[in-house]
4 protein chains.
Amino acid sequence: MENLLNKRKCILESALELINEQGFHGSPISKVAKNAGVAAGSIYTYFESKEELILGIYEYVSQNIKAYVSDRDDETLDFKSRFFNYWKNYTRFYELNPAQHGFYDQFLNSPFNSESSQQFPNVWHEWSFGFFQSGIDQGAIKNMNPTILAILVNSNINSVVKIKNNFKAKLARNNVDLEEISKLIWEGIKDDKPKVF
Amino acid sequence: MENLLNKRKCILESALELINEQGFHGSPISKVAKNAGVAAGSIYTYFESKEELILGIYEYVSQNIKAYVSDRDDETLDFKSRFFNYWKNYTRFYELNPAQHGFYDQFLNSPFNSESSQQFPNVWHEWSFGFFQSGIDQGAIKNMNPTILAILVNSNINSVVKIKNNFKAKLARNNVDLEEISKLIWEGIKDDKPKVF
Amino acid sequence: MENLLNKRKCILESALELINEQGFHGSPISKVAKNAGVAAGSIYTYFESKEELILGIYEYVSQNIKAYVSDRDDETLDFKSRFFNYWKNYTRFYELNPAQHGFYDQFLNSPFNSESSQQFPNVWHEWSFGFFQSGIDQGAIKNMNPTILAILVNSNINSVVKIKNNFKAKLARNNVDLEEISKLIWEGIKDDKPKVF
Amino acid sequence: MENLLNKRKCILESALELINEQGFHGSPISKVAKNAGVAAGSIYTYFESKEELILGIYEYVSQNIKAYVSDRDDETLDFKSRFFNYWKNYTRFYELNPAQHGFYDQFLNSPFNSESSQQFPNVWHEWSFGFFQSGIDQGAIKNMNPTILAILVNSNINSVVKIKNNFKAKLARNNVDLEEISKLIWEGIKDDKPKVF
DNA sequence: GATGAATGAGTTTTCATTCAT
DNA sequence: CATGAATGAAAACTCATTCAT
């Protein structure tokens with residue numbers, strides 16, 4: 001039982017790594033198998049097809065992001081603090097797991113996404129939407145569509161991490177500026193309206 | 001001469017359309033050729049390989065964006081106005097040319113990008129960097145790395161257009177909120193420091 | 001002992017059913033196993049290989065046909081009556097056991113037949129040959145090769161049942177005609193020559 | 001133009017030969033290609049899939065049988081003579097083209113048949129049905145369903161040729177008996193009823 | 001004996017690229 | 001230059017068979 005779960009995870013990780021480095025094109029089942037240390041046919045014990053494998057990785061990454069960020073969310077704090085924690089932790093997850101970041105980015109803009117995958121609920125998306133909904137409910141942020149809010153915030157986090165990676169050594173000064181992005185976004189979404197009693 | 005250019009462009013447009021709809025996977029040379037109304041072999045008169053074709057499309061799209069946005073830039077205006085024009089026109093280009101938007105998005109996150117393509121200068125990137133550099137030079141925006149500025153602004157524009165497309169009919173109110181994003185970003189990057197003489 | 005025989009028979013029946021419906025191609029060991037409610041590996045306890053399994057089904061079906069027809073043969077009757085009983089009972093067996101009919105038909109024209117299987121004695125063929133031999137010995141039918149006689153009679157029975165199945169509802173009149181076939185064949189093979197004492 | 005037709009035919013003949021000898025299982029595309037002297041991929045220029053190839057062979061064989069038998073049919077003769085010509089020529093075709101005979105037999109009892117192929121009109125079946133219909137129309141044979149008649153006659157011809165092939169050397173006497181089969185069938189199907197004026 | 005995950009050779013099919021016409 | 005048939009390497013996937021548990 002343990003072994004089976006491990007082997008499935010082993011294949012997921014192996015494919016994740018390969019796709020991050022080589023793209024979907026450059027990651028045939030044969031390479032994924034070799035990388036995972038199993039026979040090519042064995043992949044089909046755990047995944048019905050290559051597409052199912054890729055959707056499986058998407059689900060796996062989504063769960064990991066959700067676990068990382070939600071575990072570190074403290075609902076007892078005020079929403080502003082929770083927002084900056086969200087930003088910091090999501091950023092950190094990507095920095096600690098560059099392969100998952102790379103995969104996620106490719107996936108979201110690939111034809112694998114938007115076909116079938118969007119029909120299934122995504123734990124991370126749902127958690128993220130709920131997070132922003134609670135901000136709205138508490139009157140901490142403007143009454144916007146939480147889905148839109150989540151997409152905008154998440155795509156900015158994504159961009160920031162990409163920039164950090166590409167410019168890592170070049171400009172120490174940048175990080176300072178990049179940290180500012182979160183504050184900027186916060187200023188944009190926070191609810192300024194005076195509460196009426 | 002005219003015909004050759006036309007045929008090359010015809011192949012580019014045909015491939016562009018197909019890749020937007022079907023992705024890189026679903027766009028074999030044979031389909032591109034059929035869609036363009038030429039023989040498969042003829043594509044190799046204009047492009048050395050499929051990879052060259054894809055890089056060619058990237059260059060083509062980059063030129064189109066650059067032409068659209070730079071043609072509508074009025075350097076005599078103050079930078080704030082130019083910034084909002086930039087935002088409006090880049091957004092409009094994507095809305096008018098969804099296939100080019102779709103291709104660009106896929107390309108940027110694919111292994112085609114970041115390998116060889118980033119070595120070559122990209123007219124749009126260069127123009128965009130220069131645009132923000134001039135804002136810095138004029139003291140209108142903060143003294144940040146203009147490359148980073150451009151990436152952040154452009155990825156937000158990209159997100160906003162995607163959201164508009166996906167939520168088109170659903171929420172009339174959203175567009176209002178989405179228009180706010182540009183103001184928000186502007187607030188974040190404009191230079192507030194008092195000028196000292 | 002009982003269980004072993006039951007399990008072997010269960011696999012045979014399961015494979016029989018599947019091959020009738022899906023053909024040899026569409027009947028991998030894994031499906032046969034699932035259909036029989038055993039593990040794939042267990043099939044190799046009872047059969048050395050897939051080919052042995054198929055030859056085993058052939059033997060099984062042959063025994064069933066032989067048992068059905070021979071049990072209902074009454075050697076005390078005159079040969080003409082026995083012939084029409086043979087025809088009726090073989091026909092009825094196929095009608096009662098369509099999967100066995102379907103398998104048999106496929107098998108006889110497949111490469112599984114004619115390779116190795118024809119070397120082994122087949123109880124049904126032998127009984128059928130003996131049946132016609134006894135007709136010859138009694139002077140009831142012409143002095144032909146009984147093997148040929150058996151093949152001709154059996155292939156006509158096969159055709160008649162197939163036609164019945166395919167045209168079942170369409171033409172009530174046909175059955176009458178089809179019953180005539182047996183009389184026709186009998187007229188052709190009965191020995192008309194006057195017996196000389 | 002000529003070459004293309006030739007190559008298609010060459011692939012058909014090559015596959016026909018192989019399937020006759022090795023069955024559908026033992027005839028992978030790679031072998032068919034090697035046998036035909038073309039690359040494996042080239043098969044897919046002429047046939048969409050292996051199934052299409054097999055259906056193509058079926059159509060090819062059907063056309064050949066129809067051409068051979070119909071070319072030798074003389075409609076000016078009385079129907080009895082035409083019937084014996086039909087029998088003789090169909091028999092001869094199978095004897096001259098054993099690979100086509102072998103393929104046809106396998107095909108008819110395979111899952112390839114009865115799925116899709118039966119929906120398409122088959123030139124040979126149609127000609128054969130029409131042949132027996134004309135015998136009925138002329139009052140030469142009983143008023144039966146011509147489809148059933150054709151199936152019965154054709155399956156007897158098939159059996160006879162198979163027997164001839166298998167017992168070729170063994171019994172010279174048999175052929176005499178086998179020739180009798182056609183007479184026997186004729187006796188069974190001819191219309192004995194006195195014509196009433 | 002029973003199990004079913006693991007294997008890997010073998011199968012069908014695709015597709016970028018070439019080249020004779 | 002244009003064509004599109006031909007190529008064959010490589011891809012996804014299947015499945016009979018084995019073997020550790």
Side-chain angles (χ1 to χ4, degrees), chain A residues 1 3-4 7-8 11 24-34 36-54, chain B residues 3-4 7 11 24-34 36-54, chain C residues 3-4 7-8 24-34 36-54, chain D residues 1 3-4 7-8 11 24-34 36-54:
Chain A
M1 185 87 77
N3 282 328
L4 297 190
K7 190 160 269 182
R8 197 188 126 96
I11 293 166
F24 295 114
H25 259 92
S27 306
I29 291 289
S30 56
K31 274 193 193 171
V32 171
K34 190 172 287 178
V38 300
S42 302
I43 307 248
Y44 292 87
T45 305
Y46 299 93
F47 303 95
E48 285 198 348
S49 65
K50 193 183 181 182
E51 175 153 359
E52 285 298 315
L53 168 60
I54 288 169
Chain B
N3 281 328
L4 295 190
K7 192 163 267 183
I11 293 166
F24 294 115
H25 260 92
S27 306
I29 291 288
S30 55
K31 273 193 194 170
V32 172
K34 188 174 287 177
V38 301
S42 302
I43 292 187
Y44 289 83
T45 306
Y46 300 93
F47 303 94
E48 284 196 352
S49 67
K50 192 182 181 183
E51 176 153 358
E52 286 298 314
L53 167 61
I54 288 169
Chain C
N3 281 326
L4 295 190
K7 193 164 266 184
R8 197 187 125 95
F24 295 114
H25 260 94
S27 306
I29 291 289
S30 56
K31 273 194 194 171
V32 171
K34 187 172 288 175
V38 301
S42 302
I43 293 188
Y44 289 83
T45 305
Y46 300 94
F47 302 95
E48 285 197 350
S49 66
K50 192 182 182 184
E51 176 153 359
E52 286 298 315
L53 167 60
I54 289 169
Chain D
M1 185 85 78
N3 283 327
L4 297 190
K7 190 160 270 182
R8 197 187 126 97
I11 293 167
F24 295 114
H25 260 91
S27 305
I29 291 289
S30 56
K31 273 193 194 171
V32 171
K34 189 172 286 178
V38 301
S42 302
I43 306 245
Y44 291 85
T45 306
Y46 298 94
F47 303 94
E48 285 199 349
S49 66
K50 194 183 181 183
E51 175 153 358
E52 285 298 314
L53 168 60
I54 288 168

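A, B, ... follow the sequence lines: proteins, then strands. Residue 1 opens every chain.
- With both pairing distances under 3.5 Å, F/dT21 is matched to E/dA2 as a Watson-Crick or G-U wobble pair.
- Considering only side-chain N and O atoms, C/K7 lies under 4.0 angstrom from the phosphate OP1 or OP2 of E/dA2.
- Closest approach of B/A39 and B/A33 over heavy atoms only: C-CB, 3.9 Å.
- Between the P atom of E/dT12 and the NZ atom of A/K50 lies a distance of 22 Å, rounded to the nearest Å.
- With a 6.0 Å radius and a threshold of 12 heavy atoms from other residues, nucleotides or ligands, D/E48 has its CD atom at or below the threshold.
- Closest approach to the D/P28 side chain among F/dT17, E/dT12, E/dT7 is made by E/dT12 (side chain taken as heavy atoms from C-beta onward).
- Of the two residues contacting DNA chain F, namely B/S42 and C/A40, the nearest-nucleotide position lying further toward the 5' end is that of B/S42.
- In this structure, C/I29 places its CD1 atom 17 Å from P of F/dC19, rounding to the nearest Å.
- Each of C/S30 and B/T45 was assigned the nucleotide of DNA chain F with the nearest heavy atom; the assignment lying further toward the 5' end belongs to B/T45.
- With a cut-off of 3.5 Å on both pairing distances, the Watson-Crick or G-U wobble partner of F/dT7 is E/dA16.
- Toward the 5′ end of DNA chain E lies the nearest nucleotide of C/A39, the other residue of the pair A/G37 and C/A39 mapping further downstream.
- B/H25 places its NE2 atom 16 Å from the P atom of F/dA10, with the value rounded to the nearest Å.
- Distance, D/I11 CD1 to F/dA5 P: 12 Å, rounded to whole Å.
- Counting to the nearest Å, the P atom of F/dG4 and the OH atom of B/Y44 are 16 Å from each other.
- In this structure, D/I43 atom CD1 and E/dT13 atom P are separated by 11 Å, rounded to whole Å.
- When each of B/F47, B/Y44, B/Y46 is paired with B/L53, the side-chain contact (heavy atoms from CB on, under 4.5 Å) condition holds for B/F47 and for no other.
- Considering only side-chain N and O atoms, B/Y46 lies under 4.0 angstrom from the phosphate OP1 or OP2 of F/dA2.
- Shown here for D/F24 and C/H25, the closest heavy-atom pair between the two residues is CB-CE1, 4.1 Å.
- The two residues D/S27 and D/V32 make their nearest non-hydrogen contact at O-CG2, 3.9 Å.
- Atom CD in A/E51 sits about 14 Å away from atom C1' in F/dC13, given to the nearest Å.
- Atom CD of D/E48 and atom C1' of E/dT12 are 14 Å apart (whole Å).
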